[in-house]
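Below, chain A is the first sequence line, B the second, and so on; all start at residue 1. We use all heavy atoms of the structure for the numbers below, so side chains are in, but hydrogens, waters and symmetry mates are not.
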Amino acid sequence: MYRHLEHRLAQRVLECLQRRYPGVALPGVVVEQPPKVELGDFAIPIFPFAKPLRVAPLKIAETIRAEIGAMEGIAGMQVAPPGYLNISIDRAWMAAALVADQKPPTEIPPGKILVEHSSINPNKAAHIGHLRNAILGDTFVRLLRYAGREVDIQNYIDNTGVQVADVVVGFMHIEKKSRAEIEALTRQPRFDYYCWNLYARVSQWYEADKANRQLRLQTLHAIEDASTETAAVADLISVAVLRRHLETMDRLDIEYDFLPRESEILHLHFWDAAFTKLKEAGVLTFESEGKNEGCWVMRRAGTAEPNATTEDTEDTEVDKITEEDQKVIVRSNGTVGYVGKDIAYHMWKFGLLGRDFGYRKFYRYPNNHDCWISTADGEKDHPHFGDVAENYNVIDVRQSEAQNTVKEALRDLGYGEAADHFTHFSYGMVVLTPRCAAELGYNLSEEEKTRSFIGVSGRKGFGVKADDLLDQLIVSAKKEVDSRHPQLSDPERLQIATQIAIGALRYFMLKYTKQSVIAFDFKEALSFEGETGPYAQYAVVRATSIFRKAGVDPETFGQDAASQISPADLAQAFTGEAANEIWELWLASSKTSSVIEQCIATTEPAFLAKHVFQLGQLFNAFYHRHPILSEPDERQKAFLLATVAVVRRELMRCLAVMGITVPPVM
RNA sequence: GGGCGCGUAGCUCAAACGGAUAGAGCAUCGGAUUUCUAAUCCGACGGUUGCAGGUUCGAUUCCUGCCGCGCCUACCA
């Protein structure tokens, strides 16, 4: 409702100005919140209009106030120096809408959205960096679904790359294991941990004797040919590790719909179809000399085009790209690189390739949801993937240039629409503090000791594994739950501890803005106090507890409250100086849709985490100041209970979007 | 060398589109529970927003230069 009002207000103000000053080009109306509730609920800075209108800000504000007319939901407007228009919401009106949980209809853009996230190399256990990716991606999916959008979740699997090849080398050439032995190993619990250690050993083995690297190339080559024994082993390993990744992410309530694999992009010749179109459109050029002789190259994204400004229509001569600005797409030996495959894959995503994967069911979640995987020959009946209107790739910032190159390739192919709806959801790395590195027993080199942080390295086997972190969080939470609720059964306490652990982990990964580098530290990640997931969960638990003691069901209380509390009661409750504090809580509760809209528009889930914390803070302060069950005035008591019901509902909603559930007690 | 990003309190981070007195958490110190759970609340302490200019009514935010740090810049993925 807040969001609806916000939009309507901005529109009305603009209309008012256009009516009063016709023909003048005006900047957009910005709606923000005044620094204090006493000043009002919305604030519109008028300064930007002063120049184009050639009128003093205060005077313009006064004009709007006088001429805008009545608006449903708005109680009044005030002009504030040096040039703000402050607007007060009709508190009783807004509160009644909130109690009744009214949602104004919204227009939902047509078309399906594809969110690609996780995309972990299937050669070792997932670590904290992958957790950040998956949690950001999954939360973004939940944001979109909350906004009514249809979303497909894809997890791209690079099962034929160097990283898988390295582990295959480890099994076949260092450990000299047979296919049957490897198969037996894949059935052991946490096979991905085994691979984690082996992968680190392979890297050392390469270091020890450079000649060993020959095997990497041979193996890589063999994997691409599906008929080889090596390819069979690689498939065995990558599928087993992939399954482990799905299990790990499922612990956090993260699910996928489809797992497209690089092997199918190769075997179903996606690239051939894309290559033809890229050549026809002149996106790729053949280099006949220089260091990239014999390669098909394209311009790297972000490098300037020579005559971008001068628009000569007749100049069809292909612009020479300097070697430095060239991105090799097809190598001189005829094989295609990663960016090329990615271009083909993205053409498929937008339904522009003219080819499709085969599909088969791969993994069934406990809730019976099926996750599909790509295959050469698939099942006849399968859901329709791809052909989407919008695409978001959750990939860390190091791939910005590659992502932009794919986007520009789409644009240069003439698919401007697709390029415009291609979004690289970029985020910063998770790194380790030197203290954390020391706790993990890692010996820092002299050079590393001087740094403020150390990067996670799968190659060195250096990092915090996702399952380990989650296990540690659960143990830590369980200790607290055990001491607080000894009367509960052990499985019940474990269940609660798990919910708290997930809440802490997901909140931790979401509270930082996405571009910031997270310096991982066990002390902060394992904290359950202050700005954390458990803080917000605890606020809801307290709210639930009030209803339990009052013998009222909070879920159905809304409808009852709407009939029991009259608009006059609400108006009464929000009058007077002291009422500002409770109103602030209602106001914050009304913002869910507005905050979620902002998160989507800016691809920034951290705003929601911030909002949840602020709402929790306001509620906890309210909780301390207002004893509810002992309130003698029945009408006041009903109002306070309605307040708790609304805050509880909105907090749970926001937490659900973050993938966080709330235990019955804490 | 070129490109992208970052630099805010002791530490970790906010402040979308330039706006009202730059805010939180942690840490430190001092308080609060006969009450709906103290995983909570209240208070104190803590700032030349890396440096120097510029743009303007107004700059943490935009522009230029400099300093420091990170990433990208492979016929790897």
Side-chain angles (χ1 to χ4, degrees), chain A residues 27-28 30 32 34-36 39 43 45-48 50-51 56-57 80-84 86 121 158 160-164 220 262 291-297 300-304 324-325 327-333 335 337-339 341-342 396-402 404 426 428-429 431 433 451-453 455 477 480-481 484-485 500 511-513 515-519 521 523-524 527-532 534-535 537-539 541-550 598-599 601-602 604 606-607 610 613-614 616-617 620-621 623-631 644 665-666:
Chain A
V30 173
E32 40 193 53
K36 285 184 174 173
L39 293 169
I46 303 299
F47 313 100
K51 208 165 190 180
Y84 293 94
N86 289 335
N121 275 310
D158 180 8
T160 55
V162 184
Q163 296 217 19
V164 168
L220 185 61
E262 189 173 74
K291 98 177 149 109
N292 293 329
E293 182 181 347
C295 298
W296 287 88
V297 304
R300 263 173 37 209
T303 59
E324 204 173 53
D325 293 347
K327 176 72 198 169
V328 172
I329 303 298
V330 181
R331 303 176 191 118
S332 56
N333 66 5
T335 59
Y338 152 81
V339 175
K341 282 178 250 182
D342 221 22
D396 76 59
V397 65
R398 289 175 302 183
Q399 290 209 40
S400 291
E401 191 180 286
N404 283 329
S426 158
M429 310 299 296
V431 298
T433 60
R451 310 179 109 189
S452 53
F453 55 81
E480 289 290 324
V481 178
R484 285 159 204 252
H485 303 285
I500 292 170
K511 74 183 204 181
Y512 302 93
T513 51
Q515 81 278 6
S516 75
V517 173
I518 296 182
D521 186 82
K523 184 170 156 288
E524 292 221 16
S527 168
F528 300 144
E529 287 167 17
E531 194 184 346
T532 66
Y535 177 96
Q537 290 172 313
Y538 188 63
V541 165
R542 286 177 140 183
T544 307
S545 171
I546 293 171
F547 281 101
R548 190 168 39 239
K549 287 275 164 68
Q598 186 193 350
C599 289
T602 56
E604 182 49 274
F607 290 132
K610 222 25 131 199
F613 180 59
Q614 277 163 4
Q617 270 187 317
N620 276 326
Y623 179 93
H624 272 269
R625 272 191 282 256
H626 301 278
I628 294 166
L629 297 180
S630 59
E631 171 60 47
V644 178
V665 296
M666 280 176 78

Tell me: CG of A/D521 to P of B/G10, nearest whole Å?
19 Å
What distance, rounded to whole Å, do you find between the two P atoms, one in B/G53 and one in B/G47?
23 Å
Excluding sequence neighbours, so at least two apart, what forms ring pair (Phe, Tyr, Trp, His ring centres under 6.0 Å) with A/F47?
A/Y84
Within this structure, what is the CD1-to-P distance between A/I518 and B/C13, rounded to whole angstrom?
8 Å
Answer yes or no: is there a side-chain heavy-atom contact under 4.5 Å between A/N620 and A/R542?
yes
What nucleic acid atoms does A/Q617 come within less than 4.0 Å of, heavy atoms only: base, sugar-phosphate, or nothing?
sugar-phosphate
Looking at every heavy atom in both A/Q537 and A/I500, which two are closest together, and how far apart are they?
OE1-CA, 3.6 Å
B/G23 versus B/C45 - spacing of their P atoms, nearest Å
14 Å
Name the closest nucleotide to the A/I500 side chain, picking from B/A39, B/U37, B/A16.
B/A39
Working to the nearest 0.5 angstrom, can you tell me the gap between A/K341 NZ and A/T160 OG1?
5.0 Å
Would you call A/Q515 and A/E604 a side-chain contact if the rule is heavy atoms closer than 4.5 Å?
yes
Measure the shortest side-chain to side-chain distance between A/Q163 and A/D158 over non-hydrogen atoms and say whether it is less than 4.5 angstrom.
no
5'-most by nearest nucleotide on RNA chain B - A/F607 or A/K549
A/F607
Determine whether a donor-acceptor pair (one donor, one acceptor, N or O, separation below 3.5 Å) exists between the side chain of A/N86 and the base of B/A20.
yes
Rounded distance (Å) that lies between atom P of B/C36 and atom OH of A/Y538:
12 Å
Please state how far atom CG in A/N404 lies from atom P in B/G5, giving the value in whole angstrom units.
11 Å
Between CD on residue A/Q399 and OH on residue A/Y338, distance to nearest 0.5 Å
3.5 Å
In this structure, how many angstroms lie between the P atom of B/A15 and the OH atom of A/Y512, rounded?
14 Å
d(CG, A/N620; P, B/C42) in whole Å:
9 Å
Hey, does A/A606 reach any base, or is it just sugar-phosphate, or nothing, if we go heavy atoms under 4.0 Å?
nothing
Atom pairs, protein N/O to nucleotides 26-32 of chain B N/O, distance under 3.5 Å:
residue, atom, partner, partner atom, Å
B/C26, O2', A/K523, NZ, 3.1

Using atom C1' in both nucleotides, what's the gap between B/A32 and B/A38 to the nearest angstrom?
10 Å
Which residues satisfy the side chain to side chain contact (heavy atoms under 4.5 Å, CB included) test with A/V397, sequence neighbours excluded?
A/S400, A/S426
Residues at least two apart in sequence or cross-chain that pass side chain to side chain donor-acceptor pair (under 3.5 Å) with A/S545, listed by chain then number, are none
For each nucleotide in nucleotides 69-77 of chain B, reading 5' to 3', give B when a protein heavy atom comes within less than 4.0 Å of its base, S when such contact involves only the sugar-phosphate, and - otherwise.
-SSSS-BSB
Could you tell me whether A/Y623 contacts a base, only the sugar-phosphate backbone, or nothing, with contacts defined as non-hydrogen atoms closer than 4.0 Å?
base
Please identify each residue that fulfils ring pair (Phe, Tyr, Trp, His ring centres under 6.0 Å) with A/F613, with sequence neighbours left out.
A/Y535
For the atom pair NZ (A/K511) and OG (A/S516), what is the distance rounded to the nearest 0.5 Å?
11.0 Å
Tell me the interatomic distance from A/Q515, atom CD, to B/A16, atom P, rounded to whole angstroms.
12 Å
Nearest listed nucleotide, side chain of A/Y535, among B/U37, B/A39, B/U40
B/U40
Thinking salt bridges, do A/D521 and A/K523 make one under a 4.0 Å N-O criterion?
no
Spacing between A/E32 atom CD and B/A20 atom P, to the nearest angstrom
7 Å
Among all residues two or more places apart in sequence or in another chain, which pass the side chain to side chain contact (heavy atoms under 4.5 Å, CB included) test with A/V297?
A/T285, A/E287, A/N292, A/C295, A/Q326, A/V328
For A/E531, all residues meeting side chain to side chain donor-acceptor pair (under 3.5 Å), sequence neighbours excluded:
A/K610
With A/T544, which residues qualify under side chain to side chain contact (heavy atoms under 4.5 Å, CB included), at least two apart?
A/V540, A/R548, A/R648
How would you label the contact of A/V164 with the nucleic acid (heavy atoms, under 4.0 Å): base, sugar-phosphate, or nothing?
nothing
Of the candidates B/C36, B/A39, B/A20, the side chain of A/V481 sits closest to B/A39
With sequence neighbours excluded, tell me which residues meet side chain to side chain contact (heavy atoms under 4.5 Å, CB included) with A/V517.
A/V431
P-based separation of B/G3 from B/C13 [nearest Å]
28 Å
How far, in whole Å, is B/A52 from B/C17 if one measures between their P atoms?
24 Å
What base-paired stems does RNA chain B take part in, with at least 3 consecutive Watson-Crick or G-U wobble pairs and both distances under 3.5 Å?
B:1-7 with B:67-73, B:10-13 with B:23-26, B:28-32 with B:40-44, B:50-54 with B:62-66
With heavy atoms under 4.0 Å as the rule, sort A/R484 into base, sugar-phosphate or nothing.
base
Could you work out the separation of B/U60 and B/G70 based on their P atoms and round it to a whole Å?
27 Å
P gap between B/C42 and B/C6, integer Å
33 Å
Does B/A16 have OP1 or OP2 under 4.0 Å away from a side-chain N or O of A/K610?
no
So, taking the atom named CD in A/E631 and the one named NE2 in A/H626, what distance separates them when rounded to the nearest 0.5 Å?
9.5 Å
Residue met sooner reading RNA chain B from 5', once A/P45 and A/L629 are mapped to nucleotides:
A/P45
If we take the P atom in both B/C41 and B/A9, what is their distance in whole Å?
24 Å
Each nucleotide in nucleotides 57-62 of chain B should get exactly one letter: B, S or -. Can you fill that in based on protein heavy atoms under 4.0 Å?
B-----
What does A/D342 touch in the nucleic acid at a heavy-atom separation under 4.0 angstrom: a base, only the sugar-phosphate, or nothing?
nothing
Over all strands shown, is A/F528 touching base, sugar-phosphate only, or nothing at heavy-atom distances under 4.0 angstrom?
base
